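First the structure, in the form of C-alpha cells, and then the observations on it.
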Amino acid sequence: MTTGFAIGLIGIALCVLLCGVGSAIGLYKTGSAAAGVLGENPKKFGKVLVLVLLPATQGIYGFIIGIIASSSLGAEMTVAQGWAMLGAVLPMALSGLVTGIFQGKSAVNCIYAVGKQDSLGGKLIIYPAMIEFYAILGLIISIMLIAVL
C-alpha cells in the first residue's frame, strides 16, 4: 500500500532530479559552446564563465527545495499529505527542468556573440538571466506551498 511518506519522498526526489537534469543539459550546452570560443581565444575565459554557469542555479534551487521539503516529511503522513507534498514541489521541479535547458540554449548564443565581440559580455547576460526569473518564481512558489503543509 502506498503511504503518504512514499508519495512525498517521490515528489522530493523528482524535484531534485528534474532540476539537476535541466542544469546538466544547460551546462553541457554552455560548456561546449565555451570550449569552442576559448579554443580560438583563451583570453575570453572570464567573459564567458558567468554565461556558462548560469544554468547551474536550477540544480541548486532543486536541492534547496529538497532540503526544505525533507524537513516536512514524516513517516505518519497521510496519502493526502503526501500528494500535497508532491504538488508543492512540482513548480520547482518543472520550472527547474525547463528553464535549465532553455537558459543554456540562450546562454550558448550569448557565448558565441562574446566570441565575436568582447564588449558584449556584460550586456548579453540579461537574456539568459530573464529565463532565470521563472526558475526563481518556481522556487518561491514551492517554498510558499511547502510552508503551508
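Please read all numbers here as calculations on a predicted model, not as lab measurements.
The two residues V108 and A33 come nearest to each other via the heavy atoms CG1-CB, 3.8 Å. Considering all non-hydrogen atoms of both residues, A88 and L145 come closest at CB-CB, 3.6 Å. The heavy-atom pair separating L27 from V52 by the smallest distance is CD2-O, 3.1 Å. Closest approach of L38 and F45 over heavy atoms only: CD2-N, 3.3 Å. Among all heavy-atom pairs drawn from C19 and A93, the shortest one is SG-CA, 4.1 Å. Between G138 and S95, the closest heavy-atom pair is CA-OG, 3.5 Å.
Side-chain atoms of S71 come within 3.5 Å of backbone N or O of I68 as a donor-acceptor pair.
Each side-chain hydrogen bond (donor to acceptor under 3.5 Å, both in side chains) pair with one or both residues in residues 48-59, not counting sequence neighbours, appears once here: T57-E132, Q58-T99, Q58-Q103. The list of side-chain hydrogen bond (donor to acceptor under 3.5 Å, both in side chains) pairs with a residue in residues 119-128, not counting sequence neighbours, reads Q117-S119. Note on residues 17-46: pairs passing side-chain hydrogen bond (donor to acceptor under 3.5 Å, both in side chains), not counting sequence neighbours, are K44-D118.
Residues Y112 and L49 share a single hydrophobic cluster, defined by chaining ILVMFWY side chains whose heavy atoms lie under 4.5 Å apart. Under the 4.5 Å side-chain heavy-atom criterion for Ile, Leu, Val, Met, Phe, Trp and Tyr, M92 and L149 are members of the same hydrophobic cluster. In this structure, L139 is a member of the same hydrophobic cluster as V89, with clusters built from ILVMFWY side-chain heavy atoms closer than 4.5 Å. I67 and V16 are members of different hydrophobic clusters when ILVMFWY side chains are connected at heavy-atom separations under 4.5 Å. Grouping the Ile, Leu, Val, Met, Phe, Trp and Tyr side chains by contacts below 4.5 angstrom, directly or via other members, places V148 apart from I12.
Atom CD1 of I141 and atom CG of L90 lie 13.0 Å apart (nearest 0.5 Å). To the nearest 0.5 Å, the span separating CZ on F102 from CD1 on I131 amounts to 8.5 Å. Distance check: Q81 CD to S72 OG gives 10.0 Å after rounding to the nearest 0.5 Å. Taking CZ of F5 as the reference point, atom OG1 of T78 lies at 13.5 Å (rounded to 0.5 Å). M85 CE to S142 OG: the interatomic distance, rounded to the nearest 0.5 Å, is 10.5 Å. Expressed to the nearest 0.5 Å, how far CD1 of I65 lies from CD1 of I146 amounts to 4.5 Å.
Side-chain contact between I125 and C110 is absent, with no heavy atoms from C-beta onward closer than 4.5 Å. For the pair I10/L14, a side-chain contact is recorded, criterion being any heavy-atom separation below 4.5 Å from C-beta on.
If you run side-chain contact (heavy atoms from CB on, under 4.5 Å) between L124 and each of V48, V114, V50, only V114 comes through.
Applying the side chain to side chain contact (heavy atoms under 4.5 Å, CB included) test to I60 and every residue at least two apart in sequence or in another chain returns I64. With sequence neighbours excluded, no residue forms a side-chain hydrogen bond (donor to acceptor under 3.5 Å, both in side chains) with S70.
Through direct or indirect side-chain contacts shorter than 4.5 Å among Ile, Leu, Val, Met, Phe, Trp and Tyr, Y134 is connected to F133, L137.
Counting heavy-atom neighbours within 6.0 Å of M144 CE, excluding the residue itself, gives a total of 12 or less.
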